[in-house]
S.K.: 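Take this structure, written in structure tokens, and hold onto it; I'll ask about it next.
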Amino acid sequence: MSGQNQTPEKGKTEKNRTEKLMKRNTAYKKRQNLYQKIAFSLMRLAVVVTMAVLIIIIGDIILKGYPAISIGFLTQMPTNQMTEGGILPAIVGTIQLVILSLLVAVPLGIITAVYLAEYAADGKVKRIIEQAVNNLAGTPSVVFGLFGMALFVMYLGLPLSLLTASLTMGLLIMPVIIRTAQEALIAVPKEYREASAALGVTKWETIRRVILPSAFSGMITGIIISTGRAAGETAPILFTGAVFFYPRLPDSVFSPFMALSYHLFVMATESINIELTREIQYGTALVLLAIVFSMNLIAVGIRRHYKKKSFSSH
Amino acid sequence: MNATKSENAFSFADTLNGENEFDSDEDDFESENEIEFENEIEFENETEFENENSGEPAPSFSTGKVKKKIIEVKDLDLWYGNNHALKNISIGIPKNKVFAFIGPSGCGKSTFLRTMNRMNDMISNCRIEGEIYIDNENIYAKETDVNDLRKRVGMVFQKANPFPMSIYDNVAYGPRIHGVSKKKIPGIVEESLKGAALWKEVKDRLKDSAFSLSGGQQQRLCIARTLAVKPEIILFDEPCSALDPISTRKIEELITKLKKEYTIIIVTHNMQQAARISDYTAFFLSGELVETGKTVHIFENPQDERTEGYITGRFG
């Protein structure tokens with residue numbers, strides 16, 4: 001640029017240096033770009049693999065289960081030693097099980113979460129409770145099944161029934177509900193609490209009117225996860241009330257019941273003719289998937305509706 | 001690598017802020033002329049103190065001399081754990097005046113403000129000794145109901161903190177919980193929004209989310225929310241520090257008008273602001289109350305050289 005006053009040599013070296021710098025710079029940039037490309041490709045690959053597995057599983061179930069689906073399949077009792085007929089009692093049983101176990105776990109879980117997030121003082125006791133909840137969330141479901149049987153059936157003398165299974169399933173899903181609800185409560189900005197306190201509002205009213213509504217959509221997430229688990233888990237109901245064959249709709253919470261997950265398990269492992277009932281098995285799996293999916297949809301709908309209500313016209 | 005990253009994030013946030021401010025500028029401009037008009041209707045009573053401005057002695061540590069002190073603080077000490085954050089503070093706050101607390105960051109002025117509605121109760125390792133009397137009642141006495149106290153002593157925070165509800169529900173929140181009859185609530189909401197010079201701007205969109213308002217409007221909404229529980233005293237904790245100059249001016253005008261009905265204490269970093277809107281000023285430094293008096297005296301003729309140093313910008 002300012003070459004005229006300088007000797008040509010000096011200008012040359014300067015030019016060389018700039019060129020060198022630029023070269024080094026482009027090499028560096030190229031390398032960085034390459035790294036970035038590799039990283040992104042790996043991420044894409046991971047997503048593709050995950051999605052592929054999911055699509056294959058769901059596609060397989062839909063393709064093989066679809067032929068089994070008919071009005072009769074959805075509305076009739078199983079007949080001919082379960083090799084024919086419908087799966088109505090299992091559908092109804094699963095829905096009842098999910099609703100009842102949510103009725104057990106959601107109130108208890110949310111109250112526990114409110115206590116942990118809002119009232120419990122930081123310290124040893126709180127840490128122990130939180131760690132216990134974490135451990136419970138990771139406990140295998142079959143342990144919950146055995147515990148449910150030991151506590152509700154053998155100790156408390158409840159019958160093998162929908163109620164007992166729901167209580168057991170409720171215990172299984174409660175830790176997840178507690179954790180997600182607690183996280184949602186902690187995520188509510190401190191400013192809301194301060195603002196409310198500064199208006200002379202008691203802590204409880206603040207929790208009821210501001211904190212819980214703000215945390216609501218986060219809590220729903222935990223409930224969504226729990227819904228799927230409650231519908232799908234088999235081990236907790238295995239010992240506590242689900243039965244192999246009960247071709248009636250449960251008339252009370254004290255009667256035994258059929259559930260899709262257990263039905264599927266039995267049909268695929270212990271039925272009289274496993275090969276013959278393959279189609280029914282896939283049909284059952286498809287119905288189970290559909291139920292879980294639509295329950296999630298309902299929950300997402302609730303969440304969206306609620307968010308809109310509190311953050312309208314953003 | 002990390003440094004660059006955070007710098008980027010920072011500048012990005014700055015850009016965002018800039019945009020927001022710009023937005024709120026526009027909003028506020030439109031409604032500029034409305035404030036004056038509204039306040040004429042709103043406040044008419046209690047002019048008796050106005051004329052006494054010059055004759056009234058500056059608040060001093062001796063409590064007996066001056067009447068109409070709504071707040072009396074006696075020998076207040078406060079600790080956060082082992083940190084002695086407020087040291088032997090005594091001060092009197094006169095009624096229906098604007099009292100400004102100034103001082104460098106960390107000098108304890110906000111902490112002191114928060115002792116007056118016991119917001120410090122929410123901090124677990126905070127310990128207080130001494131007495132604060134509001135209308136001759138010790139607010140740290142055992143029988144004092146902290147929620148009743150906070151109804152009487154409202155607070156507006158540094159960052160506008162409306163609830164995630166509609167504009168209407170934000171203002172109605174306090175009265176509803178305090179059991180005001182349903183019929184009276186719409187009136188209170190309107191009155192409070194008018195009091196906070198916000199009514200004209202929001203009267204057609206009361207059902208909209210509070211977050212749809214600009215920053216300055218949100219802060220005035222918070223003031224309206226405070227007015228709705230009918231306090232006697234309002235504490236302002238740096239209410240304009242996150243606002244653009246035009247929104248700031250609006251809040252300042254509002255504060256000047258509110259003092260006819262309320263006693264106002266404001267913590268501010270902005271000395272011009274203190275000089276503009278306050279009748280009395282107290283200067284804090286490292287947890288001590290260095291000097292207090294009429295704002296004119298503090299700014300024109302400070303008695304303590306530390307006050308002078310701070311005001312003339314030698315430190316802080």
Side-chain angles (χ1 to χ4, degrees), chain A residues 25 28-29 31-33 35-36 39 116-127 184-220 303-314, chain B residues 1 113-114 116-125 145-167 169-179 205 207-213 218 221-222 224-231 234-237:
Chain A
N25 207 6
Y28 174 76
K29 267 189 187 161
R31 211 164 52 237
Q32 288 297 314
N33 277 338
Y35 289 160
Q36 172 156 307
L116 286 176
E118 305 291 333
Y119 288 101
D122 282 318
K124 221 176 187 176
V125 178
K126 188 180 170 184
R127 271 208 310 282
L185 288 166
I186 290 169
V188 174
K190 195 182 92 226
E191 284 81 10
Y192 296 168
R193 298 162 215 269
E194 280 193 329
S196 186
L199 293 167
V201 175
T202 57
K203 195 167 183 178
W204 167 240
E205 285 290 337
T206 303
I207 290 170
R208 201 162 73 87
R209 311 240 188 175
V210 181
I211 312 285
L212 279 178
S214 305
F216 186 78
S217 64
M219 291 177 173
I220 292 281
R303 183 161 72 173
R304 186 170 298 170
H305 172 78
Y306 212 82
K307 257 193 176 161
K308 239 187 218 158
K309 216 169 114 191
S310 55
F311 297 95
S312 60
S313 76
H314 221 346
Chain B
M1 201 58 194
L113 189 77
R114 283 162 179 255
M116 296 189 186
N117 64 346
R118 289 181 56 177
M119 287 301 274
N120 287 306
D121 287 12
M122 292 170 84
I123 298 162
S124 56
N125 66 346
D145 181 314
V146 69
N147 293 312
D148 282 343
L149 168 72
R150 288 176 186 157
K151 266 191 260 181
R152 290 168 57 201
V153 186
M155 185 162 197
V156 176
F157 295 83
Q158 183 169 3
K159 208 178 125 212
N161 53 1
F163 298 126
M165 309 169 179
S166 70
I167 295 167
D169 287 341
N170 259 283
V171 184
Y173 178 83
R176 269 180 193 153
I177 290 182
H178 296 317
R205 44 190 285 212
K207 294 285 164 216
D208 282 8
S209 161
F211 296 137
S212 66
L213 299 174
Q218 285 189 15
L221 178 66
C222 293
R225 185 176 63 188
T226 305
L227 298 184
V229 288
K230 307 204 181 303
I234 306 177
L235 312 174
F236 286 85
D237 190 358

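Throughout, protein chains are lettered first and strands after them, A, B, ... in sequence-line order, and every chain is numbered starting at 1. Because the structure is predicted, anything quoted here is derived from the model rather than measured.
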S.K.: Against chain A, work out which of Met119(B), Arg176(B), Met155(B), Lys151(B) has the most heavy-atom pairs shorter than 4.5 Å and name it.
M.R.: Met119(B)
S.K.: Find the one option among Arg152(B), His178(B), Met122(B) whose heavy-atom pairs under 4.5 Å with chain A are most numerous.
M.R.: His178(B)
S.K.: What closest approach, in Å, do Pro213(A) and Ile207(A) show between heavy atoms, and which atom pair accounts for it?
M.R.: CD-O, 4.0 Å
S.K.: Can you tell which part of Val146(B) gets under 4.5 Å to a heavy atom of chain A, answering side chain, backbone, both or neither?
M.R.: neither
S.K.: Parallel, tilted or perpendicular: which describes the rings of Phe163(B) and Tyr173(B), with under 30° parallel and over 60° perpendicular?
M.R.: tilted
S.K.: Is any NZ, NE, NH1 or NH2 atom of the basic residue among Arg114(B) and Glu194(A) found under 4.0 Å from an Asp or Glu carboxylate oxygen of the other?
M.R.: yes
S.K.: Taking the side chain as C-beta and beyond, is there a heavy-atom pair between Leu149(B) and Met116(B) under 4.5 Å?
M.R.: no
S.K.: Any idea which heavy atoms bring Arg193(A) and Leu185(A) closest together, and the distance?
M.R.: NH2-O, 2.9 Å
S.K.: As an exercise: rank Pro189(A), Ser196(A), Ala121(A) by heavy-atom pairs under 4.5 Å with chain B and give me the winner.
M.R.: Ser196(A)
S.K.: Could you look at Pro162(B) and say if it's the side chain, the backbone, both or neither that has a heavy atom under 4.5 Å from chain A?
M.R.: backbone
